[in-house]
Amino acid sequence: MSGNIYDELKERGFIAQVSDETAVRKMLDGEPITFYVGFDSTASSLHAGSLVPIMAMVHLRRAGHRAIAVVGSGTTMVGDPSGKTEMRQMLDETTIRTQGQAILIQFAHYLHFDGTNAIAVDNADWLLPLNYVAFLRDIGRHFSVNRMLAAEAYKLRLEKGLSFIEFNYQLLQAYDYLTLYRKYGCTLQMGGDDQWGNILAGVDLIRRVEGGTAEALTFPLLTTASGAKMGKTAQGAVWLDAMLFSPYDFYQYWVNCDDRDVGRFLKIFTLLPLDEVSRLESLKDSEVNEAKRILAFEATKITHGEVEAENARKATAAAFGGKTVNPDPAKGQFGMGDITVLPTTAVPRARLEAGISPAELFTEVGLTPSRREAKRLVEQGGLYVNDERIDTVERLVTVKDLGPDGGMLLKAGKKKFHRVVAG
RNA sequence: GGGCAGGUUCCAGAGUGGCCAAAUGGGACGGGCUGUAAACCCGUUGCGGAAACGCUUCGGAGGUUCGAAUCCUUCCCUGCCCA
């Protein structure tokens, strides 16, 4: 694959648009270049959607190119209106900076920042000290309002309202690119496809100000086959931070993906070789579950490490039953799972002896959001203790439900599990 | 700054003094069928309560009324037109 990284990215589905395909292919397949990707600091953690650029960076880094990860504390203070229906809530500087730092720390899981081949910077460092009038004269004059207003990315906002602060966002991102071009010789910026306009603005700016050539590459904005945004669940984002979204849930997110998404996801979210991916992709019917398990394991391994991935795999095997007698790990089959690695809560023995109402217990361990909801689920037959359906809200959960291993398995619906032990 | 139209439950969007915890659609959730998939069918979808029933919600704060999402005052916010 060496010397052919551009085509590998393309084949894996990382490329939506490129400024000049021939030029970019030549750049990436030749001597090391410097590229950058920017990330918002709107939250203290990245989420599954950010994995697309992260994985692309990993691929390019492996191919020997120099990576710059830019945390956009400066730009986040302004807010990007591209493709958004409304203005984001304004965050204060301290919050944004703190979140930016958290993101950089998280980033170190994927790229080793040695300061030479992989660099982490925050654009607040050069954006915040800018002088307004000087900036308008040096940078602002290169931007055409007419052209900006015509951009597809602002169309929605021209109907619903666009504030001046947001209108400036593109200039700042373009200035970022110019800064990195000057300071590090950065000649490729990558980002989500919604960033196309912003990235091109930087390419233009570099040409106008420096007479230099720089390129743009965007990743497709992935949606699931059912049309949902990648990395979002009904409960919220699929965070990469284990504290916000457990490795077990992360693993589940991938196992639960739509059949139609498995191939695409394997190519983008794992580092498995393409021939292995095409083998997994060709699996039919229930066999695709094998591919999903591998996808889930590999993706979890990259973000949370092998130990956590293994635990999530075991917990899953326990919860969903190990039906395979002679497991073959090479096929994504594993033996009986280890139930103790499921999320567990200890409940005082005395309370279990007295008996706890299911509504109270399920809500306490977080399987249901409220007692009211738990009761509703009981009425609908959606709550189980040790795989036995609870058919009345008066059925108390007691010490008798504890199994030989000293624990019991609570289940809400078919997929949400929680273990309870006496403690 | 002036004129007009708006701010309703996760979203869209009805409701315009009691029949409103609030129509309808989407989403989500549960059950059935399955393969922890899709499609489809049925049901649920503010909180507390075993239940009876109670409590909190319709941009914020006050007020009128036996009773307000609905009327009044004021404030905040958004869009459109004019400047």
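Naming: A, B, ... by sequence-line order, numbering from 1 per chain.
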Revision key, fill the gap. Whichever of A:V393 and A:K284 has the more 5' nearest nucleotide on RNA chain B, that residue is A:K284

Review point. Which whole-number value in Å describes the distance from A:E394 CD to B:G49 P?
Key: 14 Å

**Study point:** Spacing between A:W254 atom CH2 and B:A37 atom P, to the nearest angstrom
**Key:** 17 Å

Practice item. Hunt down the Watson-Crick or G-U wobble partner of B:U45, both distances under 3.5 Å, from any strand shown, or write none. Key: B:G27

Check your understanding: Now, which nucleotide makes the Watson-Crick or G-U wobble pair with B:G17, with each of the two distances under 3.5 Å?
Key -> none

Check your understanding: Is there a Watson-Crick or G-U wobble partner for B:U57 with both distances under 3.5 Å, and which nucleotide is it?
Key -> none

Check your understanding: Taking atom CZ of A:R207 as the centre, does the number of heavy atoms from other residues, nucleotides or ligands within less than 6.0 Å exceed 12?
Key -> yes

Review point. Ion pair present between A:K267 and A:E281, side-chain N to carboxylate O less than 4.0 angstrom?
Key: yes

**Study point:** Sole candidate of A:T179, A:T76, A:T75 that passes side-chain hydrogen bond (donor to acceptor under 3.5 Å, both in side chains) when paired with A:N123
**Key:** A:T75

Review point. Across the strands shown, which category fits A:E287 at heavy-atom distances under 4.0 angstrom: base, sugar-phosphate, nothing?
Key: nothing

Check your understanding: Is A:K301 paired with A:E308 through a side-chain N to carboxylate O contact shorter than 4.0 Å?
Key -> no

Point to revise | side-chain N/O A:R371 vs B:G49 OP1/OP2, d < 4.0 Å | key: yes

Point to revise | Phosphate contact (B:U36 OP1 or OP2) by A:K292 side-chain N/O below 4.0 Å | key: no

Check your understanding: Which whole-number value in Å describes the distance from A:R293 CZ to B:A37 C1'?
Key -> 13 Å

Check your understanding: Side chains of A:D122 and A:S73: is there a donor and an acceptor less than 3.5 Å apart?
Key -> yes

Check your understanding: Which whole number of Å gives the distance between the P atom of B:A39 and that of B:C29?
Key -> 12 Å

Point to revise | Spacing of the C1' atoms in B:U70 and B:U64 (rounded, Å) | key: 14 Å

Check your understanding: Are the charged groups of A:E290 and A:R279 less than 4.0 angstrom apart, N to O?
Key -> yes

Review point. Using the P atom in both, what is the distance from B:U16 to B:G31, to the nearest Å?
Key: 39 Å

**Study point:** A:F320 CZ - B:G35 P separation (whole Å)
**Key:** 14 Å

Point to revise | Pairwise C1' distance for B:A61 and B:G2, with rounding to whole Å | key: 27 Å

Exercise for review: Taking only the side-chain nitrogens and oxygens of A:K415, find out if one of them lies under 4.0 Å from OP1 or OP2 of B:A37.
Suggested key: yes

Check your understanding: Is the ring centre of A:Y253 less than 6.0 Å from the ring centre of A:F245?
Key -> no

Point to revise | Residue matched to B:A22 through Watson-Crick or wobble contacts both under 3.5 angstrom | key: none

Exercise for review: Fit a plane to each ring of A:F265 and A:F269, take the angle between them on a 0 to 90° scale, and name the class: parallel (under 30°), tilted (30 to 60°) or perpendicular (over 60°).
Suggested key: perpendicular

Practice item. Let me know the distance between CD of A:Q252 and P of B:A37, rounded to the nearest Å. Key: 11 Å

Point to revise | Nearest-nucleotide 5' precedence on RNA chain B, A:N256 against A:G381 | key: A:G381

Review point. Counting only distance, no hydrogens or angles, is the base of B:U45 paired donor-acceptor with the side chain of A:E373 under 3.5 Å?
Key: no

Check your understanding: Rounded to whole angstrom units, what separation is found between the CG atom of A:N289 and the P atom of B:U34?
Key -> 15 Å

Revision key, fill the gap. Partner of B:U64 under the Watson-Crick or G-U wobble criteria, both distances under 3.5 Å, comes out as none

Practice item. Step by step, work out the salt bridge (Lys or Arg N to Asp or Glu O under 4.0 Å) result for A:R12 and A:D7. Key: CA-CA 8 Å; A:R12 282 184 175 268; A:D7 287 317; over 6 Å; no

Practice item. Could you let me know what B:U9 is paired to, Watson-Crick or G-U wobble, both distances under 3.5 Å, or none if it's on its own? Key: none

Practice item. Determine the Euclidean distance between corresponding C1' atoms of B:G32 and B:G54; express it in Å to zero decimal places. Key: 35 Å

Practice item. Considering only atom P, compute the distance from B:G7 to B:C71 and round it to an integer number of Å. Key: 11 Å

Exercise for review: Give A:V288 one of three labels, base, sugar-phosphate or nothing, depending on what nucleic acid heavy atoms sit under 4.0 Å from its own.
Suggested key: base

Check your understanding: What's the CZ-P distance between A:R376 and B:G31, to the nearest Å?
Key -> 15 Å

Revision key, fill the gap. Regarding the side chain of A:K375, the nearest nucleotide among B:A50, B:U36, B:G30 is B:A50

**Study point:** Gap in Å between the two C1' atoms, one belonging to B:C42 and one to B:G46, rounded
**Key:** 24 Å

Review point. Looking for any heavy atom pair under 4.0 Å, which part of the strands does A:D285 touch: base, sugar-phosphate only, or nothing?
Key: base

Review point. Below 4.0 angstrom from OP1 or OP2 of B:G31, is there any side-chain N or O of A:K414?
Key: yes

Check your understanding: Roughly, in whole Å, what's the span from CZ in A:R372 to C1' in B:C53?
Key -> 11 Å

Exercise for review: Would you indicate what A:R389 reaches in the nucleic acid, counting non-hydrogen atoms under 4.0 angstrom: base, sugar-phosphate, or nothing?
Suggested key: sugar-phosphate

**Study point:** B:C4 pairs with, by Watson-Crick or G-U criteria that keep both distances under 3.5 Å
**Key:** B:G79

Check your understanding: A:Y253 near the nucleic acid: base, sugar-phosphate alone, or nothing, with a heavy-atom cut-off under 4.0 Å?
Key -> nothing

Review point. When rounded to the nearest Å, what value does the distance between C1' atoms of B:G59 and B:A5 take?
Key: 16 Å

Check your understanding: Between A:Y248 and B:U36, is there a side-chain N or O to OP1/OP2 distance below 4.0 Å?
Key -> no

**Study point:** Side chain A:Q380 and base B:G31 donor-acceptor under 3.5 Å
**Key:** no

Point to revise | Complementary nucleotide of B:A39, counting Watson-Crick and G-U pairs under 3.5 Å | key: none

Check your understanding: Picking from B:A38, B:U36, B:C29, which would you name as closest to the side chain of A:T316?
Key -> B:U36

Point to revise | Phosphate-side-chain proximity, A:S286 and B:U34, N/O vs OP1/OP2 below 4.0 Å | key: no

